[in-house]
Asker: 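Starting off with a structure, shown below.
Note on naming: letters A, B, ... go to the chains in the order of the sequence lines (proteins, then strands), and numbering restarts at 1 for each one. Values reported hereafter were calculated over all heavy atoms of this structure, with side chains retained and with hydrogens, waters and symmetry mates removed.
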Amino acid sequence: MRKELEKQYNPKNVEDRTYQMWLDKNYFHAKREAGKKTYTIVIPPPNITGQLHMGHALDNTLQDILIRYHRMAGYDTLWVPGTDHASIATEAKIVEAMKKEGLTKEQLGREKFLERAWAWKKQYGGRIIEQLKKLGSSCDWERERFTLDEGCSKAVNEVFCNLYEKGLIYRGERIINWCPHCLTSISDAEVEYEEQAGHFWHLRYPFKDGSGYLELATTRPETLLGDTAVAVNPKDERYRDAVGKTLILPLVHREIPVVADDYVEMDFGTGVVKITPAHDPNDFEVGLRHNLPVINVLTDDAKITDDYPAYAGMDRYEARKAIVRDLEAEGALVEIEDYSHNVGTCYRCGTTVEPRVSKQWFVKMKPLAGPAIDAVKNGDTKFVPQRFEKVYFHWLENIRDWCISRQLWWGHRIPAWYCADCGEITVSRTAPAACAHCGGTHLEQDSDTLDTWFSSALWPFSTLGWPEQTEDYKHYYPTNTLVTGYDIIPFWVMRMMFSGLEQTGRVPFDTVLIHGLVRDAQGRKMSKSLGNGIDPLEVIDQYGADALRFTLATGNSPGNDMRFSDTRVEASRNFANKIWNAARFILMNLSDDEPAPHIPEDLALEDKWILSRFNTLAEGVTDALEKYELGMAVQKLYDFIWDVFCDWYIEIAKIRLNGSSEAAKQTVKAVLVYVMSNTLKLLHPFMPFITEEIWQALPHTGESIMISEWVKADDALRFSAEEEEMERIMTAIKAVRNRRAEMNVAPSKKAKVFIETAYADTFAKGKVFFERLASASEVEVGAKFDGLDDAVSIITESARMYIPMAELVDFQAEIARLQKEKAGVQKELSMVNGKLSNENFVAKAPAAVVEGQRQAKARLEEKLALLDESLQNLEKRR
RNA sequence: GGACGUUUAGCUCAGUUGGUAGAGCAUUCGCUUGACGUGCGAAGGGUCAGCGGUUCGAGUCCGUUAACGUCCACCA
């Protein structure tokens, strides 16, 4: 007994069961099959802090489409899943949770804190994996990884030591971005700039010798405490004499020099800049050039240090007020001006970042950036769409050394030990027993951890077992496609590229497929603070995973943002339902012993037509997938299934299914099954659940659609003559429907149709279609009919049709209508003629285009002749 | 200041080797059509942001202007 399908598709009855079946059969597992080409994707590992959002849903839908397509197309396909420990984000969440219990990190201690972190990982890491499964992601769960697991940690240590040994990692005192809330350094990429309204405080610093003042302006008066110089441009005539003189720093009354440095813009403000090397990156550089002292005035949490008793313990904004007040009292404040400027904030918590001099670990970037740039320039890795190469190049070409140490506990601890005896550093892959320099045993490991992106950078190879030369690594590395959002290029893509090249000598992937952001229906970025995020799981619950996937894949072009709205998901849900009902119809007509899909022998016109159209579809979908045009592929499928297969072929198929010929029934059933089940294959990467469910219900060979063979275009299925014949018939049917609708004739009112045509053979084959699709009670095809002068006439390029409904004919209106139609045809024809009589066009345009125009001309002329003839007849009658 | 993107039907968007435009939704009209009203048939609606250029031919290539958006830089 064939399964009775419900009238509407209900994804809830299908999805979990189907996914479990795939898991049970182990279809997602890559088996390192000999002789097969490999196709590998490593997942951008979601943070364990959050849950799946629409961005993940898009990212993973695209990956799953590519993975499922390649698996069917015969590749040994691997999708490596996993999660990211997200050091700073996770640690912040745990600290926050602890705060509610009245606990701090320090009270708990490192070890206990890490226990909590691992418990967190277990709980939330697991949740996100479950969510990926709900989406239908066909990841190889046996190969699931975590950035902080043993293997990845080993890779991290290996890379750290390797770079250190090559002199590409160093420890040094530099100015870095410090987050006073997260209490850690962050990298340049982790700073977000935002425009803030602020002020310009104009100050004057007196010369020591009493010869007056230098006036300057600052946005951060509190840093005055750490000023160690004032700078002017060496070319600035106004201050030529001032250079080399000594100023008295207001409030502090320290003596500071006036230096000359090109960094100062003469045109901006007064052309005088106060220099605070400890709290401004540019000033730090100036300080280096002029050997200025570096005076740190702020604590970790951005409070004034005890060195300045008047302000000690005040946070930077309090101190600012106090200092401004005191400056005013001292007469050093000239004026306060409103000023809007960009302020760096922590991408994690939004706190204003404090540039700060601090001892940190860095990766020397210049030697690593070069090969990463070259690899994209010479095409070893390409971006889709290509324009994102520019973002990539821009970052690498302007890159500064990467600050990789973080004052956090949750992460890979830096494999460096400090010797209490000699003070030297020992960097080692495993905990050293003794100092490498003096042999002392009083070693203490660096308390810092590494930037979370340090381990992410190794993800394409660390997940495959590197640094061991594992079978997986040898088999699946380099990977093929990396799918990610454009916002993550500087954080991740770039770093994977230089890490892969440096460590493995090869690019980590050949293609980077970039997608945009998913925005809400108003085009706003989905965010927690706005509360406008749409939970993919709720969408799946309401409409099904296939509908969500289809929505995300459709009408989306690479690299562009997309808006997400319910009406779009509804359209996708309706599409799923349409497919479901097409299948239901086919199944209704099948017997229990229906043979597996095959192409029968005695094909009718419409069979050849649909097979030919299907063949074109298979070719187009495959082609689009190969070119990463997923939106194109899905559009082609939608159009074919709905407009071609359902609206035309199934309707026409009903004629034979209800007919008396058993042979014809077998043929049409076979074609229905063949086209349906093979179309489902093409659709499977996009809508895996419904396609599996229907495919299983249809006659089939094999266990599952997801491991069935991809459909290849086949020249034996190209029937261009039949396609043309069907086009003529379909155009005529549409014209009849159109005319009837214009005249408000109810479909139930059937009428005889006479078809005058030079294509009598074609229309003879299509006679029955008119009955089914154009409300014809009877159809006659002939070269010429008489006595139909009172009938409604309809003219296409291939035929003149008459419907005898004299009561509906108004001759005046009819003449006007035909004349209008004639004018239209004439206009088109003169355009075509214009082209064809243009020697340049005929000579230079491709032959196919010229030929197309010739055919168009012929068709238009035929139609024009038919129109003329009808008009003459009508004129005569009047 | 620099770079990039967007500007196509009322709305949201497709349109990839240049051959004078499509979809979904919305609107209007008609439909108990034996798979589906989450449906069927039909209709209206666009000088493809403006200007200039290349070309036989430009939504598509080049230049330029404008609006909007994003990223980068940061003149303190």
Side-chain angles (χ1 to χ4, degrees), chain A residues 5 7-9 193 200 216-220 223 230-231 263-276 280-283 286 339 341-342 344 385 387-388 390-391 394-395 398 486-487 489-490 516-517 521 523 525 543 547 551 554-557 559-568 570-589 624 627 629 631-632 635 638-639 642-643 646-647 650-651 654 658 734 737-742 744-748 772-775 831 834-835 838-846 848-850 852-853:
Chain A
L5 297 186
K7 201 168 174 182
Q8 287 184 348
Y9 174 57
Y193 289 88
F200 237 169
L216 52 82
T218 179
T219 54
R220 301 201 54 197
T223 63
V230 160
Y263 152 70
V264 181
E265 298 281 333
M266 287 189 282
D267 305 337
F268 188 80
T270 55
V272 183
V273 184
K274 68 188 215 44
I275 300 298
T276 323
D280 181 279
N282 292 309
D283 292 8
V286 175
Y339 186 66
H341 61 141
N342 280 335
R387 68 183 137 92
F388 287 100
K390 291 204 179 188
V391 178
H394 186 258
W395 267 94
N398 297 291
Y486 56 73
D487 51 332
I489 293 171
L517 268 36
K525 209 165 160 173
Y543 299 99
T551 305
T554 213
N556 183 15
S557 58
N560 285 356
D561 291 354
M562 68 185 308
R563 292 189 197 200
F564 193 92
S565 66
D566 278 352
T567 56
R568 294 194 56 223
E570 268 173 40
S572 304
R573 188 266 322 263
N574 295 352
F575 178 52
N577 195 238
K578 185 75 183 172
I579 300 165
W580 182 256
N581 278 288
R584 207 159 71 93
F585 171 76
I586 294 171
L587 287 167
M588 239 170 58
N589 283 286
K627 294 196 292 203
E629 292 164 4
M632 277 291 227
Q635 190 64 49
Y638 183 94
D639 291 344
W642 204 310
D643 302 339
C646 290
D647 287 349
I650 288 187
E651 289 309 315
K654 288 173 182 171
N658 296 334
K734 285 185 214 168
R737 284 170 173 173
N738 180 333
R739 193 79 183 86
R740 289 179 58 109
E742 265 177 22
N744 266 317
V745 184
S748 51
R772 181 90 211 170
L773 302 173
S775 300
M831 230 146 67
K835 278 191 196 177
N838 180 337
E839 280 172 39
N840 277 318
F841 173 75
V842 179
K844 292 181 185 172
V849 173
V850 177
Q853 291 298 309

Asker: So which one's nearest nucleotide on RNA chain B is more toward 5', A/Ile650 or A/Lys390?
Answerer: A/Lys390
Asker: For A/Arg739, give me all partners under side chain to side chain donor-acceptor pair (under 3.5 Å), at least two apart in sequence or on another chain.
Answerer: A/Glu742, A/Glu814
Asker: Could you check how far CZ of A/Arg387 sits from C1' of B/G5, rounded to whole Å?
Answerer: 6 Å
Asker: Can you see if the side chain of A/Arg737 gets near the phosphate of B/A42 - specifically, an N or O under 4.0 Å from OP1 or OP2?
Answerer: yes
Asker: Expressed in whole Å, how much space separates the C1' atoms belonging to B/G22 and B/C61?
Answerer: 22 Å
Asker: For A/Glu265, which residues count as a side chain to side chain donor-acceptor pair (under 3.5 Å) partner, sequence neighbours excluded?
Answerer: none
Asker: Just jot down the side chain to side chain donor-acceptor pair (under 3.5 Å) partners of A/Arg220, sequence neighbours excluded, or say none.
Answerer: A/Glu222, A/Glu354
Asker: Hey, what are the protein-to-nucleotides 71-76 of chain B N/O distances that come in under 3.5 Å?
Answerer:
from	atom 1	to	atom 2	distance (Å)
B/A73	N6	A/Asn342	ND2	3.2
B/C74	N3	A/Asn342	ND2	2.7
B/C74	N4	A/Asn342	ND2	2.1
B/C75	OP2	A/Asn282	ND2	2.8
B/C75	O2'	A/Tyr339	OH	3.4
B/A76	OP2	A/Tyr339	OH	2.5
B/A76	O3'	A/Thr219	N	3.2
B/A76	O3'	A/Thr219	OG1	2.9
B/A76	N6	A/Glu265	O	3.0
B/A76	N6	A/Phe268	O	2.8
B/A76	N1	A/Glu265	N	3.3

Asker: Kindly write out the residues that satisfy side chain to side chain donor-acceptor pair (under 3.5 Å) with A/Ser557, not counting sequence neighbours, or none if the list is empty.
Answerer: A/Asn560
Asker: Which pair of non-hydrogen atoms, one from A/Thr551 and one from A/Met562, has the smallest distance, and what is that distance?
Answerer: O-CE, 3.8 Å
Asker: Measure from CZ on A/Arg740 to C1' on B/A42 and round the result to the nearest Å.
Answerer: 12 Å
Asker: Please give, in whole Å, the distance from B/A35 P to A/Arg584 CZ?
Answerer: 8 Å
Asker: So, using salt bridge (charged side-chain N to carboxylate O under 4.0 Å, His left out) as the criterion, who are the partners of A/Asp280 when residues are at least two apart?
Answerer: none
Asker: In whole angstroms, how far is the C1' atom of B/G19 from the CG atom of A/Asn838?
Answerer: 13 Å
Asker: Give the rounded distance in Å between these two atoms: CE of A/Met831 and C1' of B/U20.
Answerer: 6 Å
Asker: Nearest-Å distance, CG (A/Leu517) to C1' (B/G5)?
Answerer: 13 Å
Asker: So, for A/Val286 and A/Ile275, which heavy atoms are closest and what is the spacing to 0.1 Å?
Answerer: CG1-CD1, 4.0 Å
Asker: Name the orientation class of the two ring planes belonging to A/Phe200 and A/Tyr339 (parallel below 30°, tilted from 30 to 60°, perpendicular beyond 60°).
Answerer: parallel
Asker: List the atom of A/Val230, the atom of A/Leu216, and the distance in Å for their closest heavy-atom pair.
Answerer: CG2-CD2, 3.9 Å
Asker: Taking atom CG of A/Asp566 and atom OH of A/Tyr543, what is their separation to the nearest 0.5 Å?
Answerer: 4.0 Å
Asker: With sugar-phosphate meaning primed atoms plus P, OP1 and OP2, does A/Ala571 contact a base, only sugar-phosphate, or nothing at under 4.0 Å between heavy atoms?
Answerer: sugar-phosphate
Asker: Between the protein and nucleotides 37-39 of chain B, list the N/O to N/O atom pairs that are separated by less than 3.5 angstrom.
Answerer:
from	atom 1	to	atom 2	distance (Å)
B/U38	O4'	A/Asn574	OD1	3.0
B/U38	O2'	A/Asn577	OD1	3.1
B/U38	O2	A/Arg573	NE	3.0
B/U38	O2	A/Asn574	OD1	3.4
B/U38	O4	A/Gln8	OE1	2.2
B/G39	OP1	A/Asn574	ND2	3.3
B/G39	O3'	A/Lys578	NZ	3.1

Asker: P atom, B/G1 versus B/G24: distance in rounded Å?
Answerer: 45 Å
Asker: I'd like to check the salt bridge (charged side-chain N to carboxylate O under 4.0 Å, His left out) partners of A/Lys654; sequence neighbours left out, ordered by chain and number.
Answerer: A/Glu651
Asker: Pick the P atom in B/A49 and in B/C13, then give their distance to the nearest Å.
Answerer: 15 Å
Asker: What interatomic distance, in whole Å, is found between P of B/A66 and the corresponding atom of B/G50?
Answerer: 16 Å
Asker: Between the protein and nucleotides 43-49 of chain B, list the N/O to N/O atom pairs that are separated by less than 3.5 angstrom.
Answerer:
from	atom 1	to	atom 2	distance (Å)
B/A43	OP1	A/Asn738	ND2	2.9

Asker: I need the CD-P distance between A/Glu651 and B/C40, as an integer number of Å.
Answerer: 9 Å
Asker: Any idea which of B/A3, B/U55, B/G19 is nearest the A/Val849 side chain?
Answerer: B/G19
Asker: Round to a whole Å and report the spacing from CD1 of A/Ile489 to P of B/C4.
Answerer: 14 Å
Asker: What's touching nucleotides 13-16 of chain B from the protein side, N or O pairs under 3.5 Å?
Answerer:
from	atom 1	to	atom 2	distance (Å)
B/C13	OP1	A/Arg563	NE	2.6
B/C13	O2'	A/Gly555	O	3.2
B/A14	OP1	A/Ser557	OG	3.3
B/U16	O2	A/Glu629	OE2	2.6
B/U16	N3	A/Glu629	OE2	2.2

Asker: Run the salt bridge (charged side-chain N to carboxylate O under 4.0 Å, His left out) test against A/Lys734 and tell me which residues pass, sequence neighbours left out.
Answerer: none
Asker: So what does the secondary structure string of RNA chain B come out as, 5' to 3', with Watson-Crick or wobble pairs under 3.5 angstrom, [ ] for crossing and | for pairs with another strand?
Answerer: (((((((..((((.....[..)))).(((((.......))))).....(((((..]....))))))))))))....
